[in-house]
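All remarks here apply to the structure that follows.
Here is how names work: the chains are called A, B, and so on, in the same order as the sequence lines, proteins then strands, and each is numbered from 1. Owing to the predicted nature of the structure, the values given are computational and were not obtained by experimental measurement.
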Amino acid sequence: MTGHSTYTPKSGFARWLERRLPILGFIHESFVAYPVPKNLNYLWTFGAILSFMLVAQIVTGIVLAMHYTPETTLAFDSIEHIMRDVNWGWALRYAHANGASMFFLAVYIHIFRGMYYGSYKEPREVLWILGVVIFMLMMATGFLGYVLPWGQMSFWAATVITNLFTAIPYVGNTITIWLLGGYSVDNATLNRFFALHYLLPFVIVAIVGLHVWALHVTGQNNPTGVEVKDIKKETVPFTPYATLKDAVGLVVFVGLFAWLTFFVPNYTGHPDNYIEANPLVTPPHIVPEWYFLPFYAILRAIPNKLVGVIALFASILIVAALPWLDTSKVRSGVYRPAFKKFYWVFVFVSVGLGYLGAQPAEGVYLIAARILMAYYFLHFLVVLPLLGKYEQTLPEPRSIAASLGEAATEEKPHA
Amino acid sequence: MSNATKAEPSRRDILFLATGAAATVAAGAAVWPLIAQMNPDASTLALASTELDISAIPEGQIVTVKWRGKPVFVRHRTKQEIEAAQNVPLAELPDPQADSARVQKAEWLVVVGVCTHLGCIPTGHEGEFHGWFCPCHGSTYDTSGRIRSGPAPSNLEVPDYAFLSDTKIKIG
């Protein structure tokens, strides 16, 4: 989309630079003049919140790496050293650990917002797939980071997750030994996990760059799902409007982040991770961090190892296929009464799987997990394709302006 | 294009193909060490065997030793445990294997103490079959270390081991 104004360099230096590297103009067009639909609600502030969390995690992570030792006999102690001896180390580590939780909270809201308003639909498929790629990189980074403190949960999470690869027929064991650098999780594993945990966030930065690029090509979706028809009338410049709205959302979000970090810093953690890793004792009840629980529930719901692992990966990858599984011509859930109901059932199922992932895999919990898992896949493979064909949708507004009850846009020759 | 050019590749075509082939081999050779460095190193491979004095293990007890970073269970089985292991019809087992094929001496069961599901360490003398129970995802093993129920696909692995004497075994 073209902007509200074109950039004109004001100072002599800006003019000089602009002729050689038009970076100021690029920033101006992308983050100042960039037109934003004026009916965006607060759910659209999570893009900015996620950008903030990514930077916050990288900054706290880099300083923590200055004090952490990725060696099996020293790693656990170096975390306690950060907590007790390093200046402000406790704050930095708690901010980083809870930052991961907040990052995932924000990304889940961001994903569910996209699902409700049909943000994945034509022409935003590539934008959506890049988002799923970022989500998977986040999961990998979160898992690798959780191993570094070398507590009991770290060690056994590393063992269970790397053992997922042993399910691959014929070459599974060879691949797992290669991933671990040994026959079990040990020093070689910890060292490479640290190297990759440091690397992946920068890969995420690169993919986020593509994600934002794709977003700025198609323009943002909005609650009506109707594309912008009149840029002058239906959009506002990114700065100050979106910048400040994002800032309000961010302040509230950071408030929650600060409460977690300073008042209940171990709320999302697990006490067993304050016991140093012991390769000879598995804790009686191992659970992953809360943000992996729905997928963990799916893994455990299936009694066959290989099928369980396939279902786990399928439950994530299927999200990338949404643009083609949802056949409805109407983009926004606002105008899809039946979809709305199924959407909330899906939200309930996802949260329910999260709850069940934290319970022991037996009895009623196991049965419930199987039912919810079946529904999870049915939502994508049956409900969404059929809804698009049979649903009686409400009429979409002619334009964003019309949805806001404003006078119909005069059709200008150049509109 | 004429038939003549098709039949007679030029000097340039041959140089182009040869360079491309050499570049492909060179790229493979450059990537190989980058991939292979992740495999177990020499110091890990050097820890390949462990010896254990079994004379101090009373009947009914399980001793855990570390071998290649993993626990190995050495179980001095009781008469009932041996009988229970031997008397199961093979058809009842998810991964059928006779008890005699899993032990060298009936009193001594030696298995790698890693659940074949996702690598947790099962706890001894627990579960329906009094062999092992895995706390992670609920697999149960019998007194021969064979999988009886739960998501694990196969029996506990029997490592290579040898009786050096009546009281000493070498694992690996």
Side-chain angles (χ1 to χ4, degrees), chain A residues 72 152 155-167 169 172-189 191-192 195-196 277-288 296-297 299-309 312 360-363 365-366, chain B residues 32 34-50 62-73 94-95 112-124 126-128 132-140 147-154 157 159-160 171-172:
Chain A
T72 49
Q152 273 290 66
F155 184 91
W156 292 101
T159 300
V160 168
I161 299 301
T162 52
N163 266 282
L164 292 178
F165 294 92
T166 60
N173 275 324
T174 315
I175 289 177
T176 306
I177 289 171
W178 176 76
L179 284 171
L180 295 175
Y183 303 98
S184 57
V185 174
D186 211 331
N187 196 48
T189 319
N191 243 305
R192 67 191 54 183
L196 293 173
N278 181 351
L280 298 183
V281 179
T282 306
H285 188 51
I286 64 167
V287 280
Y296 191 62
L299 169 74
R300 297 193 308 179
I302 295 178
N304 178 291
K305 178 171 164 181
L306 178 59
V307 179
V309 173
L312 166 70
E362 56 196 28
Y365 295 124
L366 195 55
Chain B
W32 186 264
L34 295 173
I35 303 289
Q37 55 82 23
M38 282 178 69
N39 269 321
D41 59 27
S43 70
T44 306
L45 295 172
L47 298 171
S49 71
T50 302
I62 305 169
V63 161
T64 307
V65 284
K66 211 166 156 187
W67 173 65
R68 286 178 162 184
K70 293 181 197 175
V72 168
F73 298 143
D95 181 11
V112 176
V114 172
C115 181
T116 54
H117 182 226
L118 294 174
C120 295
I121 301 195
T123 37
E126 283 191 28
E128 200 187 332
W132 283 272
F133 171 76
C134 183
C136 291
H137 308 97
S139 297
T140 56
I147 180 67
R148 300 299 291 270
S149 67
S154 54
E157 188 195 338
D160 284 335
I171 301 161

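Contacts between Pro303(A) and chain B at a heavy-atom distance below 4.5 Å involve the backbone alone (N, CA, C, O). Trp178(A) touches chain B through backbone and side chain together, each having a heavy atom under 4.5 Å away. Neither the backbone nor the side chain of Phe155(A) comes within contact range of chain B, judged by heavy atoms closer than 4.5 Å. Contact of Pro360(A) with chain B is not made at all, since no heavy-atom distance falls under 4.5 Å. At a 4.5 Å heavy-atom cutoff, the contact between Val281(A) and chain B is made by backbone atoms alone. Looking at Ile286(A), the atoms closer than 4.5 Å to chain B (heavy atoms on both sides) all sit in the side chain, from C-beta outward.
Side-chain N or O atoms of Thr159(A) include none that pairs as donor or acceptor with a backbone N or O of Ser184(A) at under 3.5 Å. Thr189(A) places a side-chain N or O within 3.5 Å of a backbone atom of Leu180(A) that can act as its donor or acceptor partner. Judged by distance alone, the side chain of Thr123(B) and the main-chain N or O of Phe133(B) form a donor-acceptor pair under 3.5 Å.
Scored by the side-chain contact (heavy atoms from CB on, under 4.5 Å) test, Ala167(A) finds Lys305(A), Leu306(A), Val309(A) as partners (sequence neighbours excluded). By the disulfide (SG to SG under 2.5 Å) test, Cys136(B) pairs with Cys120(B), sequence neighbours left out.
Taking chain A as the reference chain and counting heavy-atom pairs below 4.5 Å, the highest number among Cys134(B), Ala36(B), Gly119(B), Gly69(B) is found for Gly119(B).
Using bins of under 30°, 30° to 60° and over 60° for the plane-to-plane angle, the ring pair His117(B)/His137(B) lands in the perpendicular bin.
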